[in-house]
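Report on the following structure.
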Amino acid sequence: MNAEFNIIEALGQIAREKNVDREMVIQTLADALVSAAKRRYGNVDNFEVQTDPGSGRMRVVARKTVVEEVNVPELEIEIGEARQIDHQAQIGSVVFEELNLADFGRNAIQTAKQILIQRVREAEREHIYEEFASRIGKIESGTVQQISHGDIIMNLGRAEAAVPLKEQIRRERYRQGDTVRGYIFEILKSSRGPQVLLSRTHPEFLRKLFSLEVPEIAEGIVTIHAVAREPGERAKIAVSSNDERVDPVGACVGVKGSRVQAIVRELSGERIDIVPWIDEADIFISRALGPATVSRVITDGRRHHAQVIVEEEQLSLAIGKSGQNSRLAVQLTGWGLDIITDEEYQRRLRRLEESKVELRRLEGVSELISLSLATSGFISIRGIAQAEVDMLRTVPGLEGEGEAARLKALAVAYVEQAEASGENLRPATLEELEAAERAAAEARAAQLARAPEEEAEGGAALTEEPDSEGVEGSGSEAVSAAPGESEAPTTRPFETS
């Protein structure tokens with residue numbers, strides 16, 4: 001092989017075919033040739049490759065110093081030989097001696113070739129990886145090559161793709177040569193090059209399909225706010241329009257259902273519910289549970305949870321087969337949903353009131369705190385006594401320093417006292433509560449009725465003894481303790497045995 005040869009054009013063609021940088025290919029070959037020269041002539045750093053882009057010529061040269069007598073042949077050249085290369089060469093100057101590639105030996109040339117091939121392949125893989133990495137989140141289609149352990153191996157042209165078994169729609173079956181579309185969700189590097197992972201079950205796949213089929217979505221007129229899927233079975237999407245002239249649901253459905261049906265066919269018959277989105281949680285939740293009719297939605301913004309009340313005949317429809325409709329509604333809205341009938345709701349209200357009555361027995365527990373405790377799951381004094389202080393701190397109203405610990409200590413003391421006296425900690429029922437309230441009201445009315453008579457007779461007022469210890473409150477709320485009962489607990493008026 002001659003020291004001078006035309007390969008620049010050939011390297012450019014390789015770069016175009018592999019879609020890599022031409023300069024990188026040229027530099028790679030230059031480095032490979034320098035490595036081959038070192039193997040042949042000694043491991044010194046005076047070799048370099050000179051290229052002429054205009055003529056397409058490349059040559060390997062050794063940089064040598066001109067001397068009268070050569071002591072180190074790899075680095076020095078005798079003056080006579082130097083002037084054959086450059087007739088103006090002088091002692092101490094540097095000349096470039098061209099090397100004959102044929103002298104490198106077959107193995108050295110083969111090594112240079114392998115280095116070039118390897119570097120070009122690595123550059124090609126890196127370019128393909130970067131190309132597909134920028135396409136994560138988009139839809140790609142390819143041809144099925146084989147099925148391996150349930151995974152579908154596909155050819156995307158310049159890269160290999162796979163649809164893992166868990167990312168496939170369960171009812172679908174594929175054959176070699178089929179064209180399959182999927183959502184790019186990850187790119188892996190492997191010894192065989194980048195591998196593109198596609199999904200047909202990802203919720204974003206459904207969103208992208210609607211973007212392709214519905215021009216109003218691609219143009220930004222219609223927005224998809226949320227997507228919920230059980231792949232191959234059923235899906236729900238929430239849409240809205242920023243143009244009052246455009247119906248978002250109608251745009252997604254298309255004329256005679258043409259648009260949505262195209263997506264349904266792509267997803268092997270997956271049923272799709274299109275829900276109008278609204279920034280009002282109770283209304284949106286009602287719509288998300290369609291086709292069921294919802295009577296009322298009670299939301300708890302702190303817990304991001306809602307109670308959905310439906311008629312008895314709508315309950316099974318709202319929950320759906322195997323709970324599918326409610327699960328999709330939860331995914332779509334992002335709210336925890338508790339779907340119940342009105343009868344069950346009223347029953348829970350009664351239980352809540354009973355719990356509040358028991359919790360109010362603890363000193364310092366107000367109506368608001370008892371409600372907050374009961375709705376947070378602390379429905380009994382014993383439950384508070386057994387709870388961790390950190391859990392009690394999560395209850396609204398007990399976030400203050402020491403509030404939760406103080407309440408727990410009161411509950412523990414109350415339980416210990418009740419157990420010592422054999423008291424039943426069963427909460428009072430609503431009936432007992434109402435009876436107690438009626439009795440208290442009747443007692444107050446009777447007391448007020450007697451007050452004018454006592455004043456007319458010069459009798460004592462309601463609070464005859466200023467230092468009496470049996471009075472709580474003031475005015476019409478004051479109730480004197482009966483003789484011998486001044487030491488009885490006054491914070492548990494509705495205890496029952």
Side-chain angles (χ1 to χ4, degrees), residues 203 206-207 210 214 217 222-242 244 246-254 257 259-260 263-264 267 269-356 371-372 374-377 379 396 430:
L206 181 59
R207 186 191 295 267
F210 268 99
V214 182
I217 294 177
V222 174
T223 302
I224 300 177
H225 291 271
V227 177
R229 288 185 70 191
E230 292 202 352
E233 300 293 333
R234 191 174 177 185
K236 290 178 183 280
I237 67 168
V239 295
S240 69
S241 171
N242 56 26
E244 60 183 13
V246 177
D247 173 23
V249 176
C252 293
V253 172
R259 292 174 176 175
V260 72
I263 298 172
V264 168
L267 300 178
E270 185 172 315
R271 293 170 52 207
I272 302 173
D273 297 341
I274 303 173
V275 180
W277 181 85
I278 185 171
D279 192 17
E280 295 181 30
D282 52 346
I283 300 176
F284 184 38
I285 290 169
S286 297
R287 293 175 177 177
L289 283 168
T293 301
V294 174
S295 301
R296 188 163 37 135
V297 177
I298 303 169
T299 59
D300 181 352
R302 182 181 64 85
R303 296 190 299 145
H304 215 61
H305 188 275
Q307 284 187 321
V308 181
I309 302 169
V310 298
E311 297 295 334
E312 183 71 37
E313 62 271 15
Q314 293 290 317
L315 183 61
S316 60
L317 190 60
I319 296 174
K321 183 180 180 181
S322 301
Q324 185 184 74
N325 195 53
S326 58
R327 284 197 305 272
L328 290 174
V330 167
Q331 293 178 38
L332 191 71
T333 62
W335 283 71
L337 303 181
D338 188 7
I339 305 172
I340 56 176
T341 63
D342 187 64
E343 181 181 354
E344 173 63 21
Y345 176 66
Q346 296 301 328
R347 188 159 47 246
R348 292 186 182 185
L349 279 183
R350 287 194 295 272
R351 287 200 296 268
L352 180 64
E353 290 299 329
E354 292 168 1
S355 297
K356 287 168 55 181
L371 175 61
S372 186
T375 55
S376 298
I379 60 174
L430 272 183

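Note that these values count all heavy atoms, side chains included, but never hydrogens, waters or copies made by symmetry. What you see is a predicted model; the values in this text were computed from it and never measured.
With sequence neighbours excluded, the residues forming a side-chain hydrogen bond (donor to acceptor under 3.5 Å, both in side chains) with Trp335 are His304, listed by chain and number. Residues that satisfy the side-chain contact (heavy atoms from CB on, under 4.5 Å) test with Val239, not counting sequence neighbours, are Val222, Ile224, Ile237, Pro248, Val249, Cys252, Ile274. With sequence neighbours excluded, the residues forming a side-chain contact (heavy atoms from CB on, under 4.5 Å) with Glu313 are Glu311, listed by chain and number. With sequence neighbours left out, Arg302 forms a side-chain contact (heavy atoms from CB on, under 4.5 Å) with Asp300, Ser376, Pro396. The side-chain contact (heavy atoms from CB on, under 4.5 Å) test applied to Glu230 returns Glu233, Gln324, Arg327, Leu328, not counting sequence neighbours. For Gln331, there are no side-chain hydrogen bond (donor to acceptor under 3.5 Å, both in side chains) partners at least two apart in sequence or on another chain. Applying the side-chain hydrogen bond (donor to acceptor under 3.5 Å, both in side chains) rule to Ser240 yields the partners His225; only residues at least two apart in sequence or on another chain are considered. Not counting sequence neighbours, Glu244 has no partner by the salt bridge (charged side-chain N to carboxylate O under 4.0 Å, His left out) test.
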task = Could you walk me through whether Arg229 and Leu267 pass side-chain contact (heavy atoms from CB on, under 4.5 Å), step by step?
result = CA-CA 11 Å; Arg229 288 185 70 191; Leu267 300 178; 3.9 Å; yes
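Heavy-atom neighbours of Asn242 CG from other residues, nucleotides or ligands within 6.0 Å: above the threshold of 12.
Val264 has its side chain within reach of Ile272: a pair of non-hydrogen atoms, C-beta onward, lies under 4.5 Å apart. Using a 4.5 Å heavy-atom cutoff, the side chains of Leu371 and Leu352 are in contact.
Distance check, rounded to the nearest 0.5 Å: CD of Gln314 to CD of Glu312 gives 10.5 Å. How far NZ of Lys236 is from OG1 of Thr333: 10.5 Å, rounded to the nearest 0.5 Å. In this structure, CG on Leu315 lies 12.0 Å from CG on Asp342, to the nearest 0.5 angstrom. Atom CD1 of residue Ile340 and atom CD of residue Gln346 lie 9.0 Å apart, to the nearest 0.5 angstrom. Taking CG of Leu206 as the start and CZ of Phe210 as the end, the distance is 5.5 Å to the nearest 0.5 Å. With rounding to the nearest 0.5 angstrom, the CG atom of Leu332 is 11.5 Å from the CH2 atom of Trp277.
For residues 308-330, the set of pairs meeting the ring pair (Phe, Tyr, Trp, His ring centres under 6.0 Å) definition, not counting sequence neighbours, is empty.
Between Glu354 and Arg351, none of the side-chain N atoms (NZ, or NE/NH1/NH2) sits under 4.0 Å from a carboxylate O, so this pair counts as no salt bridge. Using a 4.0 Å cut-off between a side-chain N of Lys or Arg and a carboxylate O of Asp or Glu, Glu344 and Arg347 qualify as a salt bridge.
Between the side chain of Asp338 and the backbone N or O of Gln307, no donor-acceptor pair lies under 3.5 Å.
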For residues 280-299, dump all side-chain donor-acceptor pairs below 3.5 Å to protein atoms at least two apart in sequence or in another chain.
{"from": "Ser286", "atom 1": "OG", "to": "Asp282", "atom 2": "O", "distance (Å)": "2.9"}
{"from": "Arg287", "atom 1": "NH1", "to": "Pro276", "atom 2": "O", "distance (Å)": "3.2"}

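Ala374 and Lys356 get closest at one heavy-atom pair: CB-CG, 4.4 Å.
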